[in-house]
**Q** 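Take this structure first; my questions come after.
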Amino acid sequence: MSAAAAGLRGEHFLAGAAETEGGETFTAIDPHSGKAIGPSYAEATAAQVERACAAAAAAKLPLLATAPAQRAALLRRIADGLLELGDELLTCYCAETALPKGRAEAERGRTVGQLRLYADLVEAGSWVDARIDRADQQRQPMPKPDLRRMLVGIGPVVVFGASNFPLAYSVAGGDTASALAAGCPVIVKGHPAHPGTSELVGRVIHDAVRALGLPAGTFSLLHGRSHEVGTLLVQHPAIAAVGFTGSHRGGRALFDLAAARPEPIPVFAEMGSMNPVLILPRAMAARGAQIAAQLAASALLAGGQFCTSPGMVLWQRGAGDEAFVATLTEQLGGAAAAPTVHPSIKSGYDAAFAELGKLPVEVTARGAVGDGATAVCLTLLSASAAAVVANPRLRTEIYGPAVLTVGCGQRAELLQLAGSLHGHLTATVHGDGDDFAEFADVIEVLRSKVGRLLANGVPTGVEVCGAMVHGGPYPAATDARFSAVGPTAILRWARPVCWQDWPHELLPAELQDHNPLGIRRTIDGVVS
Ligand code: NAP
């Protein structure tokens with residue numbers, strides 16, 4: 001990827017101005033060759049962080065005051081701009097991640113779809129959950145006041161994206177789109193693994209903000225490779241909330257920083273997950289090999305670099321499990337994984353195996369080392385239920401193409417193992433006939449640990465729609481009450497405000513009697 005070909009200039013977008021200045025520099029790395037590619041990016045300085053935060057603070061009220069149609073226009077313009085980048089964006093994405101073009105196209109489609117979804121949502125307007133409880137002067141013993149409430153954007157949001165989703169969970173990803181829809185200025189801390197992709201997308205947002213005459217502080221993108229930029233952003237008093245997608249270590253560090261501020265703020269961190277898969281006896285006996293093939297294909301997707309990748313399989317030993325294990329071993333052991341998206345993912349994967357080497361876990365198959373400087377080996381592991389229950393590390397994500405199998409002796413062991421799991425994004429249950437009824441207790445334990453429960457499928461593939469829950473109990477996420485995907489993700493960036501006995505003509509349009517925006521509201525307890 002030549003810098004000129006990709007139109008890359010090493011730019012931050014700082015509240016309406018593009019600039020290349022900053023501190024130490026870094027470049028993207030080609031995962032195939034391990035060599036530097038693209039232009040240099042300067043680490044944002046403390047002064048640049050300060051300017052971005054001050055501009056976001058200045059944009060807070062003007063952006064909130066924009067009509068929903070203006071924010072919808074911004075989101076649609078960004079979506080169109082991403083498509084207009086055409087192959088330039090796809091080429092840069094593939095060069096920086098070693099992910100194939102088909103994946104880049106699919107992720108771009110999802111990102112564009114998310115932007116348009118939030119545009120439609122904000123334009124329809126009902127997301128503000130307007131509630132009106134009218135006054136009753138005759139009420140005894142005290143008259144009842146007029147109370148009207150709705151959700152209002154929380155203020156400037158800092159967004160951190162993950163390296164494995166350079167579009168859908170990055171600069172114009174779901175966090176940015178939903179925060180802008182809610183009327184919140186956004187500052188993105190670009191992921192250093194894909195600075196070029198970030199720059200191209202950042203320029204699209206920067207241009208859209210200017211073209212629509214929105215406040216300059218509506219959007220900033222700051223590059224950085226050290227943790228300092230992110231730390232300064234999270235600690236800045238102008239920042240009202242943080243959206244994070246990435247590792248448990250990163251999410252937790254930012255969560256702790258936010259909690260330690262003089263004025264704590266919420267951090268919505270979506271982190272790693274093992275996504276346990278439970279195979280029940282009838283399903284195992286009837287189609288163990290078939291389930292293994294399905295699981296292997298899911299675990300191999302994107303070189304195991306999906307947060308929903310199936311990383312742990314549990315079952316009660318019995319009929320069909322030999323065929324299951326044999327097929328899983330054959331399929332995973334016979335494959336070579338693609339390069340990981342960044343050298344840090346490879347080093348994290350290697351470090352995880354160094355830790356596992358000290359634990360009672362057996363490597364039962366290893367795939368061939370794939371091509372590329374950041375290639376890792378697919379690994380199938382096996383441990384006893386007792387070992388997993390006794391060692392928290394065995395119940396924690398190994399990020400990359402690794403699957404841990406745990407065959408349990410007795411049903412009680414299965415229940416104990418399920419009970420020992422921490423929070424995950426998903427759990428999958430394979431069952432036939434009465435399996436689900438007979439193992440209802442184990443399934444209920446799993447349900448209590450996850451955001452999404454699947455039957456007879458694979459956890460990879462996250463549909464973007466209203467019923468989706470992408471999140472889960474800690475440590476899958478820092479707040480299990482919200483989803484990071486789908487229209488409800490906007491709720492993370494808003495808070496309820498109540499107007500009491502307020503002059504009617506001064507109320508927000510959403511709360512005025514004649515409902516000028518035609519939105520769904522709850523009036524005196526009745527949805528209208
Ligand atoms: P990462 O290393 O945690 O990076 C994510 C972002 O957080 C980067 O911008 C990173 O900046 C920043 N960061 C990390 N630690 C920080 C700290 N201590 N202080 C300040 N900033 C910090 O994650 P990744 O390796 O890119 O992504 C892989 C992980 O993401 C996996 O665990 C995967 O399961 C998870 N993931 C989760 C989801 C989900 O929806 N739940 C989706 C995709 C991926 P620096 O690079 O500057 O450190």
Side-chain angles (χ1 to χ4, degrees), residues 24 26 28-29 41 43-44 49 96-97 107 110 158-171 173-175 187-195 198 221-235 242-258 267-275 302-311 340-349 351-352 374 396-402 423-426 450-452 459-460 462 464 468-480 482-486 489:
E24 276 187 37
F26 66 96
I29 304 287
Y41 289 84
E43 177 100 8
V49 169
E96 289 185 329
T97 61
E107 199 183 324
R110 176 175 162 179
V158 169
V159 171
F160 293 82
S163 57
N164 61 335
F165 274 97
L167 294 173
Y169 292 91
S170 190
V171 179
D175 285 353
I187 304 175
V188 177
K189 151 63 179 62
H191 198 296
H194 52 255
S198 296
L221 162 68
L222 298 176
H223 297 285
R225 191 174 50 173
S226 80
H227 290 157
E228 203 173 330
V229 178
T231 301
L232 289 171
L233 285 168
V234 172
Q235 288 178 326
V242 177
F244 171 92
T245 307
S247 63
H248 177 253
R249 200 174 44 193
R252 181 65 206 227
L254 297 175
F255 180 85
D256 289 344
L257 272 179
V267 174
F268 298 98
E270 300 298 322
M271 300 175 284
S273 181
M274 280 187 107
N275 304 298
Q305 299 169 100
F306 275 140
C307 50
T308 48
S309 203
T340 57
V341 295
H342 195 254
S344 67
I345 303 291
K346 175 180 164 54
S347 52
Y349 189 75
T374 63
T396 309
E397 181 187 51
I398 304 165
Y399 185 60
H424 293 273
L425 295 169
T426 72
V450 302
R452 179 162 57 108
T460 40
V462 176
V464 181
M468 174 51 68
V469 175
H470 190 63
Y474 185 84
T478 48
D479 194 335
F482 297 91
S483 171
V485 170

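Owing to the predicted nature of the structure, the values given are computational and were not obtained by experimental measurement. Each ligand, and each atom within it, is numbered from 1 in the order the structure gives.
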**Q** Going by heavy atoms in the side chains, are V229 and E43 under 4.5 Å from each other?
**A** yes

**Q** Under a 4.0 Å heavy-atom cut-off, what residues line ligand 1?
**A** F160, G161, A162, S163, N164, F165, Y169, K189, H191, P192, G224, R225, S226, H227, F244, T245, G246, S247, G250, A253, L254, E270, M271, G272, C307, I345, E397, Y399, L425, H470

**Q** State whether a side-chain donor-acceptor pair under 3.5 Å links Y169 with N164.
**A** no

**Q** Is there a side-chain contact (heavy atoms from CB on, under 4.5 Å) between E397 and H248? Walk through the geometry before answering.
**A** CA-CA 9 Å; E397 181 187 51; H248 177 253; over 6 Å; no

**Q** Report yes if the distance between the aromatic ring centroids of F268 and F482 is under 6.0 Å, otherwise no.
**A** yes

**Q** Measure the shortest side-chain to side-chain distance between K189 and V159 over non-hydrogen atoms and say whether it is less than 4.5 angstrom.
**A** no

**Q** When you measure from the side chain of S273 to the backbone N and O of H424, does any donor-acceptor pair fall under 3.5 Å?
**A** no

